[in-house]
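Presented below is the structure to which this report refers.
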Amino acid sequence: MKDRFRLLNDKPQGTGPVIYWMDRDMRSRDNWALLYAQEQAFALKVPLLVIYNILPGFLGGTLRQHVFKIQGLKEVYDDLSAHNIPFHIVSGTHTEKDIVSFVTDVSAGLIVTDFSPLRIQRGWKEYVSKHVSVRCVEVDAHNIVPAWVVSQKSEIGARTLRPKLYKLLDEYLEAIPSLKKHPYNTDHKAPDIDWVVLEHDPHIDKTVSEVSLKGGMSHAQSALKKFITAKLSLYGKDRNDPLCEAQSNLSPYLHYGMISSARVVSEVVEHSGVSISKLIDAQKNKAKIDPKSELTLVDSASAFIEELVVRRELSDNFCLYNPQTYDTVDCFPAWALASLRKEEQSPREYIYTRAQFEKAQTHDDLWNACQKEMVETGKMHGYMRMYWAKKILEWTRSPEDALSIAIYLNDRYELDGRDPNGYAGIAWSIGGVHDRAWFGRPIFGLVRYMARSGCESKFDVKAYIQKFSPEVSLFAKK
DNA sequence: ATCGGCTCGCGCAA
DNA sequence: TGCGCGAAGCCGAT
């Protein structure tokens, strides 16, 4: 097993049970943190317990994210029970303290957790590793190559991360073992959980309604199957057309770790019929391919791997090495921020408040359609996310206002909100992060501009607007 | 429909 | 030191 862990403290290992503190990766299959914890428990011949703390309203999350998460946790609970691994789900407002009291109560000998580059989670982990008396280990169960292994600095863009990642990818894409039925019993049985009560937690913000997409490992797996059999071959050609069903729709599942990106990669590789290194080469040689030539399945698979792996892992790199600034304008490259500052006095044709954006009340029916897609479905098409965020910059007084409005809306309405991908994507759109400088223009400075006319030439804007324009109630009934 | 210019800075070759 | 080129573009000329 390739090393994917690092120590969070230098305390000794105890003799009690091994605890996997599940946080970012809510799955029992293909989870390297859980597998590492079980491997350690086998070596020590001790029980293995899993704990998850539900923090209601985490970073602006609402009912839709909560319900999606509970659906996923239920499946994990059942699967872990079948493997004789008790899953303790607690609900509390001080995650770090709740975890410390749990591990103290069960006299844990070793704590294993999964990795997240986000500030709040890193703070919890620092607190826990300080306040317990035993060893704490962090495993990157989310990225294929652990974020701290692939690079030790904030990368300038995909082009600098890509070669580092590709050098290690093959090695880290080893076959993932199955979870075993755990042979060591514990007195700390999993408590019975009333899922209905949990779902109806009174602390959850119910002003944003549930969506139809269902959470959990099996729904994630069906979304993957559907993508591979019905959409993958179109991905190369149609992925930027919000009317074509060419996207994977996996990002909510990937965000919650309900599916492992390594699993997605291996199934895509298998279906494409060529090796991962061939897919990487196809991407590297993309420029040499005649753009007029028919895009093959291999080209599609290659483009998908680029987005699934390179850009996702770049987002983790971005948050990991800009922990204090990834959601502020201070993470913008100097050339971009300086040019945005110069443009702060240029007149804005439209200025909207956060509430106007939230209610999809701009003059631009294309922008309003993007907003409605997100509010109604919990998911905005990837291409439209760029247009959406860039227009918020265009129609607010300052980059600060734009950034905070975009992050607020993203975290509140997207099922995959509060993810490094969201912060990186918004910083790319508004602040030129991971992008190059472009021809200067009012408001945007050197940050890449996007125009509605560009959308008009790429897809059927009218049809997209139509799809989300019927006057459906945007907000849950009180 | 297609092309070139716009703009900055990193990584690498020389 | 110089050169190539980049996370998804725009615009005007042809």
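What you see is a predicted model, and the numbers here were worked out from it, not measured in a lab. Basis for what follows: all heavy atoms, side chains included, without hydrogens, waters or symmetry-related copies.
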At 4.0 Å (heavy atoms only), tell me whether K458(A) reaches a base, stays on the sugar-phosphate, or touches nothing. sugar-phosphate
Can you see whether Y326(A) has R119(A) sitting over its ring - NZ or CZ less than 6.0 Å from the centre and within 45° of the normal? yes
Does a side-chain N or O from R162(A) land closer than 4.0 Å to OP1 or OP2 of dA7(C), or not? yes
According to the Watson-Crick and G-U wobble definitions, with both distances under 3.5 Å, which nucleotide is paired to dA7(C)? none
Considering only side-chain heavy atoms of W438(A), which listed nucleotide, dG9(C), dA7(C), dC10(B), is closest? dG9(C)
How far does the P atom of dA14(B) sit from the matching atom of dG4(C), given to the nearest Å? 12 Å
Is it the case that D140(A) and N143(A) place a side-chain donor and acceptor less than 3.5 Å from each other? yes
Side chain of T160(A) (C-beta onward), nearest among dT7(B), dA7(C), dC10(B): dC10(B)
So what does M450(A) hit on the nucleic acid, given a heavy-atom distance under 4.0 Å: a base, only sugar-phosphate, or nothing? sugar-phosphate
Rounded P spacing from dC10(B) to dG9(C) in Å: 24 Å
Could you check whether D114(A) and Y20(A), counting side-chain N and O atoms only, form a donor-acceptor pair closer than 3.5 Å? yes
What nucleic acid atoms does K153(A) come within less than 4.0 Å of, heavy atoms only: base, sugar-phosphate, or nothing? sugar-phosphate
Hey, are D364(A) and Y387(A) close enough side-chain-wise for a donor-acceptor pair under 3.5 Å? yes
How would you label the contact of W335(A) with the nucleic acid (heavy atoms, under 4.0 Å): base, sugar-phosphate, or nothing? sugar-phosphate
The side chain of Y449(A) is closest to which nucleotide in this list: dA7(C), dG9(C), dC11(C)? dC11(C)
Determine the contact category for N240(A): base if any of its heavy atoms lies under 4.0 Å from a base atom, sugar-phosphate if only primed atoms, P, OP1 or OP2 are that close, otherwise nothing. base
Find the partner of dT7(B): check Watson-Crick (N1-N3 plus N6-O4 or O6-N4) and G-U wobble (N1-O2, O6-N3) distances, both under 3.5 Å, and reply none if neither fits. none
Please tell me whether N249(A) and K379(A) have a donor and an acceptor in their side chains that are separated by less than 3.5 angstrom. yes
Per S453(A) side chain, nearest of listed nucleotides dT7(B), dA7(C), dC11(C): dC11(C)
